[in-house]
Amino acid sequence: MELFNTLTRKKETFSPINAPNVGLYSCGPTVYHYAHIGNHRQTLFTDLLKRVLTFNNYKVKHVMNITDVGHLTSDADEGEDKMLKGAKREGKTVWEIAEYYTQAFKKDLKNLNVIEPDVWCKATEHIKQQIEMIQKLEKNGFIYEAGGNVYFNTSKCKDYGKLAKLDLNAEQQARIETDPNKKNKHDFVLWFTKSKFQDQEMKWPSPWGQGYPGWHIECSAMSSHYLGEQFDIHTGGRDLMPVHHTNEIAQSESAFNKKPWVKYWMHNEFLVMGKDIKMSKSDNEGFITLDVLQKKGYDPLSYRYLLLGTIYRKPMAFTYEALDAAQNAYNKLKQKVLEMIQSPEEGEDTNAETYIEEFQTSINDDLNTPKALAAVWDMLKNEKLNNNKKYKTLLEFDHVLGLGLAKIDIEELPEEIKTLIEKRDHARLHKDWGESDKLRDEIQAKGYTVKDSKEGTKCTKA
Ligand code: AMP
Ligand code: ZN
């Protein structure tokens, strides 16, 4: 398998630390609002990666965090507290906000047929691990206290910024300082005791005083708690790379003295609206949730199908026209599945090897799903290939695609349609083509497709 590693900016052959086990961590939602379909591009990318790893016989342990404390509206410790912002907007407590939006997020995952992480971890339930990690950093000489807060000193970390390839010299010269307590522009808060926000409800005791953790420390502390001090893959959206992931690496490598902390970093590109505008929770106009799509009549799996048509590393513009096309294609795929179930013996050839090879080569080439989908359709178009073989192969592919194809089954036809089918088959047996055509039109008018097969008339809901 080849995967693009942001750390080296290259496609690399995947080789886990402890094969066949794979440790995978993904930055989950900040639960102060509904997730939008851009966030779900990240969720679905990680789900795809997991499915491809499993298809290749790896045993994946997936950990996803829930950020319910400490994340300010800017990734770099500036702006408002995201959870407080949500609580004020809705007149609820931060705890209520966190619980409500966590459940909403999990519901979306179910609707998108996303395999649940093996471990969900909330930042507020791992305060102890975060404090222990800051203590390790303190022991190793990487922190300082100023203005009541505890900071990570980036100048002590020789390769700070390696993931995003930050040019620190150039940036230091252009520095615009917003926090006078910081010794260096990129220093960040590990623990707040002097909150800028008056009604801060979430507070815990710590060696540095009553307070709460900064945002970045939760991911380092929880991933190492569940996956060990070194693990295989870390994912997230591209926006997290320059600050959040950069800081995760700095604090983890400084605390554990092990490099690299994570072997492969993988980032998805954005879902954009119109001309290159990233869909974002702070932008109310460009904010489309899965719920909105469902209310407009779209199947969440049509959105999943839409994303499969673009490589995860390419920006993708969202339009309803594109979603319509995806929904049509997905419906067509489901229709094909029904036909295969109804006429399993159609087609003589039972060799699907070329398609299996094409599919596997594509997904193993850094998750090239557009090419994998092309292999699927090539297979379905081959009329010589036996339907039963096609169906079984397609269900294998669907372990990766996640389109819920195994759940599709022939629905029980209404009695009225069954009677019309019987009459039509009787007419055809007696070569009464006029009557047969009349009955076909009648069935179609009732919203069913009609197909002739060796066994007689086959109908499905159109
Ligand atoms: P948040 O809930 O804002 O912390 O974001 C959760 C995840 O969604 C992060 O990994 C982000 O990088 C990712 N993300 C946010 N906006 C987009 C977008 N428009 N397209 C793709 N991924 C996104
Ligand atoms: Zn994170």
Side-chain angles (χ1 to χ4, degrees), residues 6 24-49 63-75 79 81-83 85-86 97-98 101-102 104-105 108-109 112 114 117 121-123 126 130 133 163-164 188 213-227 231 233-252 261-262 265-274 276-283 285-290 303 306-307 310-318:
T6 311
L24 168 66
Y25 184 88
S26 52
C27 289
T30 307
V31 283
Y32 73 112
H33 215 319
Y34 291 109
H36 52 67
I37 54 173
N39 296 131
H40 287 314
R41 188 168 191 204
Q42 147 57 209
T43 323
L44 287 166
F45 151 61
T46 303
D47 188 57
L48 172 71
L49 172 64
V63 179
M64 192 193 282
N65 68 312
I66 301 273
T67 299
D68 52 1
V69 64
H71 190 183
L72 308 191
T73 43
S74 145
D75 288 354
D81 179 304
K82 286 193 174 182
M83 295 304 297
K85 187 177 165 178
I97 289 287
Y101 288 111
T102 300
F105 183 75
D108 280 0
L109 261 52
L112 288 165
V114 165
C121 45
K122 289 183 184 175
H126 296 79
Q130 296 178 67
M133 186 146 179
L163 178 72
F188 54 92
W215 172 41
H216 314 297
I217 194 74
E218 71 174 71
C219 287
S220 293
M222 296 195 285
S223 59
S224 57
H225 182 65
Y226 292 106
L227 298 171
F231 61 91
I233 312 178
H234 194 312
T235 68
R238 177 169 69 78
D239 52 330
L240 300 186
M241 196 231 299
V243 180
H244 182 52
H245 290 166
T246 290
N247 293 348
E248 279 188 42
I249 292 177
Q251 63 202 2
S252 303
W261 169 51
V262 171
W265 283 87
M266 295 183 73
H267 293 96
N268 63 282
E269 257 298 340
F270 296 141
L271 184 78
V272 296
M273 304 290 294
D276 240 19
I277 305 165
K278 171 183 171 259
M279 190 178 287
S280 139
K281 284 185 194 172
S282 51
D283 169 13
E285 275 172 42
F287 186 96
I288 300 174
T289 61
L290 198 62
Y303 180 61
L306 174 69
L307 292 191
T310 301
I311 291 170
Y312 75 93
R313 278 198 297 125
K314 290 200 174 146
M316 188 181 146
F318 177 80

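Note that the numbering runs from 1 along the sequence shown for the chain. Order of appearance sets the numbers: ligands from 1, and atoms from 1 within every ligand.
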Nearest non-hydrogen partners of Q42 and G237, listed with the distance:
NE2-N, 3.7 Å
In this structure, does ligand 1 have an atom that sits under 4.0 Å from one of the heavy atoms of H40?
no
Metal check, the Zn ion (ligand 2) vs H244 N/O/S, cut-off below 2.8 Å:
yes
Ligand-side contact atoms (ligand 1) for residue partner N268, heavy atom cut-off under 4.0 Å:
21 (C), 22 (N)
Those residues that, when tested against T235, pass side chain to side chain donor-acceptor pair (under 3.5 Å) (two or more places apart):
T46
Where ligand 1 meets T30 - atom numbers and elements under 4.0 angstrom, heavy-atom basis:
2 (O), 4 (O)
What atoms in ligand 1 come closer than 4.0 Å to a heavy atom of G237?
10 (O), 12 (O)
Which atoms from ligand 1 have a heavy atom of P29 less than 4.0 Å away?
2 (O)
Min N/O separation G38 to ligand 1 under 3.5 Å
yes
Taking 2.8 Å as the cut-off, does H216 contribute an N, O or S atom near the Zn ion (ligand 2), distance below it?
no
Under the ring-ring contact (aromatic ring centres under 6.0 Å, His included) rule, collect the residues that match up with H40, sequence neighbours excluded.
F105
Per atom 13 (C) of ligand 1, closest listed option by heavy atom (K278, H267, Q42)
Q42
Students often mix this up, so state it plainly: with edges at 30° and 60°, are the rings of F45 and Y312 parallel, tilted or perpendicular?
parallel
